[in-house]
*Asks:* 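Dumping the structure here so I can ask a few things about it.
Just so it is clear, the structure is predicted and the values come from calculations on it, not from any experiment.
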Amino acid sequence: ATWKYNAILAGAYCSITGIAGYYAYKGHQYLTAETSPTHHSLLEVQKAFLYGQPLESADNAVNICGRIKCMKPDQLTHLSGTHKPFSWVIGNCGLYQLSKCKSDYDKLILLGAKKEWLELQLYNGNHFNLYLFPEISENYSAKWATWQGIFELLKENEPEIYEKILPFKEDLINTPFDDIEAKSDFEFMDVEELGPKDPRYLTKDRFLNIEDDELTLSDSRFLLYCYLGLSALFNGNGYTVDEYGKQGCKEYLIKNMKLEDMENIKLIELDVRIPKD
């Protein structure tokens, strides 16, 4: 995904079976999280992934989102890194496609991860987990990650960034990623991997402090790469795509959340193994 995956999820060593005490409104009746229809669907989808059983159809995961996260276990507090405002997630169609993958490695490739990036994460001691949770709650709702959705998200939640990046909108949409990156002095993935400790990394504050007459298209795209997780494979059509251009599933962005604040969250540990050539 387009993600950085940011598109990705890492590690805890215990299962999260849900957080009781939250309430969801349905019709004219309040249901506890543990007795809501979505809760029971989540349990069934969780079991399917735990036992490697493909879902019968996307209908089995209606109203459910998922996210694969890549992090070290001691960093496991939020859906994404704490410096990220949003998280990349997939919906029921994506979960259905993931369930049909033969390996956990294939799941990540389907979502747009590159082999060399996965090798780097495993080398650095990171782990990958799949989280399942309701698609909508009173704390968040999913936005389809098209270029239009990205700019709407910025306009609604990050107006300063939106106004600063707006002059580059058409070029961001229409210029191939490789052409934009080629105008930079570094490869985006290398600096993004180093994180904010590298002065070239673009945080929100660093981006906003660039003078308007010095701001470039590369700066704008790298900010989206770092801050929102728009990877090299993001093409703005709202679907994941792998490095060979094969389209995958719809992808969405939601507000980055503390895991403990998310009702009915479920966890599946992934065993990612790089295939031998």
*Asks:* For the atom pair NE2 (His127) and SG (Cys70), what is the distance rounded to the nearest 0.5 Å?
*Replies:*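 The NE2 atom of His127 sits 9.5 Å away from the SG atom of Cys70.
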*Asks:* Could you tell me the separation between the OH atom of Tyr140 and the CG atom of Leu253, rounded to the nearest 0.5 Å?
*Replies:*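 Answer for the OH-CG pair, Tyr140 versus Leu253, is 14.0 Å.
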*Asks:* Does a salt bridge link Lys169 with Asp171, judged by any charged N lying under 4.0 Å from a carboxylate O?
*Replies:*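 No, this pair does not count.
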*Asks:* Does the cation-pi check pass for Arg200 over Phe186, that is, NZ or CZ under 6.0 Å from the six-membered ring centre and within 45° of its axis?
*Replies:*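 Verdict for Phe186: a cation-pi partner in Arg200.
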*Asks:* Hydrogens and angles aside, do Ser184 and Ser218 bring a side-chain donor and acceptor to less than 3.5 Å of each other?
*Replies:*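 Result is no, nothing qualifies.
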*Asks:* Take Glu192 and Lys84, measure what salt bridge (charged side-chain N to carboxylate O under 4.0 Å, His left out) needs, and give me the verdict at the end.
*Replies:* CA-CA 12 Å; Glu192 202 281 338; Lys84 302 284 188 179; 3.5 Å; yes
*Asks:* Are Tyr123 and Met189 connected in the hydrophobic side-chain network, where two residues link if heavy atoms are under 4.5 Å apart?
*Replies:*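 Per the 4.5 Å side-chain linkage, Tyr123 and Met189 are not co-clustered.
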*Asks:* What about Tyr201 and Leu194, same hydrophobic cluster or not, with Ile/Leu/Val/Met/Phe/Trp/Tyr joined at side-chain heavy-atom distances under 4.5 Å?
*Replies:*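 Tyr201 does not cluster with Leu194.
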*Asks:* Working to the nearest 0.5 angstrom, can you tell me the gap between Ile150 CD1 and Ile165 CD1?
*Replies:*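 Reported value, rounded in 0.5 Å steps: 10.0 Å.
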*Asks:* Whether the Gln53 and Glu44 side chains hold a donor-acceptor pair (N or O, under 3.5 Å, no angle test) is what I'd like checked.
*Replies:*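 Their side chains do not contain a donor-acceptor pair, so the 3.5 Å distance test is not met.
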*Asks:* Is Lys266 positioned over the aromatic face of Tyr131, cation under 6.0 angstrom from the ring centre and no more than 45 degrees off axis?
*Replies:*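 No, a cation-pi geometry is absent between Lys266 and Tyr131.
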*Asks:* Determine, stepwise, if the pair Val45 / Asn92 fulfils side-chain contact (heavy atoms from CB on, under 4.5 Å).
*Replies:* CA-CA 10 Å; Val45 174; Asn92 64 314; over 6 Å; no
*Asks:* Any carboxylate oxygen within less than 4.0 angstrom of a Lys/Arg side-chain nitrogen, looking at Glu152 and Lys143?
*Replies:*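 A salt bridge links Glu152 with Lys143.
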*Asks:* Could you go through the ring pair (Phe, Tyr, Trp, His ring centres under 6.0 Å) check for Phe207 and Phe222 one step at a time?
*Replies:* CA-CA 9 Å; Phe207 178 77; Phe222 190 46; over 10 Å; no
*Asks:* For the residue pair Asp179 and Lys183, what are the closest heavy atoms and their distance?
*Replies:*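 For Asp179 and Lys183, the tightest heavy-atom pair comes out as O-CG, 3.6 Å.
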*Asks:* Taking Tyr227 as the fixed residue, which of Glu158, His83, Arg206 is the one that meets the side-chain hydrogen bond (donor to acceptor under 3.5 Å, both in side chains) rule?
*Replies:*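 When Glu158, His83, Arg206 are each tested with Tyr227, the side-chain hydrogen bond (donor to acceptor under 3.5 Å, both in side chains) holds only for Glu158.
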*Asks:* According to a 4.5 Å side-chain heavy-atom criterion applied to Ile, Leu, Val, Met, Phe, Trp and Tyr, with indirect links allowed, do Tyr162 and Leu208 form part of one hydrophobic cluster?
*Replies:*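 Yes: a chain of side-chain contacts under 4.5 Å links Tyr162 to Leu208.
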*Asks:* Go through the side-chain N and O atoms of Gln247 and Asn237 and say whether any donor and acceptor fall under 3.5 Å apart.
*Replies:*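 Present: a donor and an acceptor within the cut-off.
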*Asks:* Would Glu269 and Phe128 count as a side-chain contact (heavy atoms from CB on, under 4.5 Å) if you check the C-alpha gap in whole Å, the side-chain angles of each, and the deciding distance to 0.1 Å?
*Replies:* CA-CA 7 Å; Glu269 294 180 17; Phe128 295 85; over 6 Å; no
*Asks:* Looking at every non-hydrogen atom in both residues, tell me the closest pair between Ile109 and Leu118 and how far apart they are.
*Replies:*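 Looking at all heavy atoms of both residues, the closest pair is CD1-CD1, 4.1 Å.
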*Asks:* If you take all heavy atoms of Leu42 and Asn264, which pair is closest and at what distance?
*Replies:*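 Closest approach of Leu42 to Asn264, heavy atoms only: CD1-O, 3.2 Å.
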*Asks:* Taking 4.0 angstrom as the limit, do Lys155 and Glu163 come out as a salt bridge?
*Replies:*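 Salt bridge between Lys155 and Glu163, a charged N being under 4.0 Å from a carboxylate O: no.
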*Asks:* Can you see which heavy atom on Ser99 is nearest to which on Tyr96, and at what distance?
*Replies:*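 Heavy atoms of Ser99 and Tyr96 come nearest at OG-O, 2.7 Å.
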*Asks:* Tell me whether Trp88 contacts the main-chain N or O of Leu228 through its side chain, where contact means a donor paired with an acceptor under 3.5 Å.
*Replies:*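 Yes, the answer is positive, given that a donor and an acceptor are paired below the 3.5 Å cut-off.
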*Asks:* Nearest heavy-atom pair of Leu95 and Ala61: which atoms, and what distance?
*Replies:*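 Nearest pair, atom of Leu95 first, then Ala61: CD1-CB, 4.1 Å.
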